[in-house]
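Structure first, commentary second.
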Amino acid sequence: MNVRTPDPYSGWLSDEDLFEARGRLPMVYVEAVPVRLDPLGFVNEVGTLLQGDADGSMVRSFVSGRVLYRETIRAALLRHMEKDLGPLAFPQLPVSPVPFTVAEYFPAPSQTGFTDDRQHAVSLVYVIPVTGECDPRQDALELTWMTPQEILSDDVQQEFTGGRGNLVRQALAFAGVGQ
C-alpha cells in the first residue's frame with residue numbers, strides 16, 4: 001500500500017533499492033503531530049491529514065517521512081512539515097531533537113501495536129506547534145483541526161491506521177492534556 005506523496009528528493013536509493021532495503025533493515029522516519037496552541041501554550045487543536053488508502057477507505061494520519069542519508073533530524077522534520085502542510089505552516093521546531101516517543105512499526109501485528117505493511121520502521125515522534133496557514137499535501141484530501149476531545153473520540157480514533165490513534169493519545173498526554 002502506498003498512500004504517500006512521492007518524494008522528489010528520494011535520497012540515495014532508487015525505488016527498487018528502497019524496496020530491497022525495506023525488506024532487509026529498519027528504516028528511520030520522523031513523524032509530527034501538528035498542534036495549535038492557545039496564548040498560554042496549551043494545546044487547543046490537533047491537525048490530522050485525511051486521505052484515501054489503497055482500499056478506498058478514508059484514514060487519518062500525521063506528518064511523516066523518511067530521514068535521508070546525511071540529513072539531520074531537524075532538517076527531516078522541517079522538510080516533511082513543509083511538504084505535508086505547505087511552506088506557510090511555520091512549524092515551531094523543538095530546541096532539541098529529542099522525540100516524545102519512538103514508535104517501532106512492523107509489517108505484521110506485534111507487541112508494539114504499530115504496523116506498516118511495507119516495512120520495519122523506527123519513527124521518532126514529535127509534537128510540533130504550527131502558527132501559519134496550512135495547505136495539505138497533494139494526496140491528502142484535507143487537513144482537519146480538532147480539539148483534543150474530538151480527536152480522542154471513538155469515531156475519530158477508528159479512522160487512524162497502524163496504531164496512530166495510540167500515538168495521538170501519547171502526544172496529548174506528553175503535552176499535558178487531560179492532566
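What you see below is based on every heavy atom in this structure, not just the backbone, and it leaves out hydrogens, waters and symmetry mates.
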Set of side chain to side chain contact (heavy atoms under 4.5 Å, CB included) partners for L37, sequence neighbours left out: V35, V43, P129
P148 to N44 - nearest heavy-atom pair and separation: CD-O, 3.6 Å
Y105: partners by ring-ring contact (aromatic ring centres under 6.0 Å, His included), with sequence neighbours left out: F114
With Q157 via side chain to side chain donor-acceptor pair (under 3.5 Å) - residues at least two apart: R169
Joint hydrophobic cluster, F106 plus V122, side-chain heavy atoms closer than 4.5 Å: no
Non-neighbouring partners of E142 that pass side chain to side chain donor-acceptor pair (under 3.5 Å), sequence neighbours left out: T144
D154, CG atom: more than 12 neighbouring heavy atoms under 6.0 Å: no
Set of side chain to side chain donor-acceptor pair (under 3.5 Å) partners for E104, sequence neighbours left out: H120
Atom of E31, atom of S123 and distance for their closest heavy-atom approach: OE1-OG, 2.8 Å
Closest non-hydrogen atom pair between S64 and K83, with its separation: O-NZ, 4.5 Å
Test item: D116 side-chain N/O and G162 main-chain N/O as donor-acceptor pair under 3.5 Å: no
Nearest heavy atoms of Y126 and P97, plus distance in Å: OH-O, 2.7 Å
Working for side-chain contact (heavy atoms from CB on, under 4.5 Å), residues V130 and R36: CA-CA 6 Å; V130 296; R36 297 229 190 247; 4.1 Å; yes
Set of residues satisfying side chain to side chain donor-acceptor pair (under 3.5 Å) with respect to T101, sequence neighbours excluded: Q170
Under 3.5 Å donor-acceptor, H80 side chain and L85 backbone: no
Non-hydrogen side-chain atoms of R118 and M27 separated by less than 4.5 Å: no
Pairwise distance OG(S153) to CD(E159) - rounded to 0.5 angstrom: 8.0 Å
T161 OG1 to Q51 CD distance, which is reported to the nearest 0.5 Å: 8.0 Å
Spacing of CZ belonging to R66 relative to CD belonging to Q119, to within rounding of 0.5 Å: 8.5 Å
More than 12 heavy atoms from other groups under 6.0 Å of CD on E133: no
pair L172-I151: side-chain heavy atoms closer than 4.5 Å: yes
For L143 against P136, the heavy-atom pair lying closest together: N-CG, 3.7 Å
Single-linkage hydrophobic cluster V177~L167, side-chain heavy atoms < 4.5 angstrom: yes
Contact list for residues 144-173, test ring-ring contact (aromatic ring centres under 6.0 Å, His included), sequence neighbours left out: F62-F160
Linked, directly or transitively: L50 and V59 (ILVMFWY side chains, under 4.5 Å): no
Residue list, salt bridge (charged side-chain N to carboxylate O under 4.0 Å, His left out) with E45, at least two apart or on another chain: none
With V95 via side chain to side chain contact (heavy atoms under 4.5 Å, CB included) - residues at least two apart: none
Side-chain hydrophobic cluster, 4.5 Å single linkage: members besides F42: L40
Nearest atoms (heavy-atom pairs only) where P99 meets V102: CG-CG2, 4.2 Å
L88: partners by side chain to side chain contact (heavy atoms under 4.5 Å, CB included), with sequence neighbours left out: F90
Spacing of CG belonging to L49 relative to SG belonging to C134, to within rounding of 0.5 Å: 9.0 Å
With A32 via side chain to side chain contact (heavy atoms under 4.5 Å, CB included) - residues at least two apart: V63, L77, M81, I128
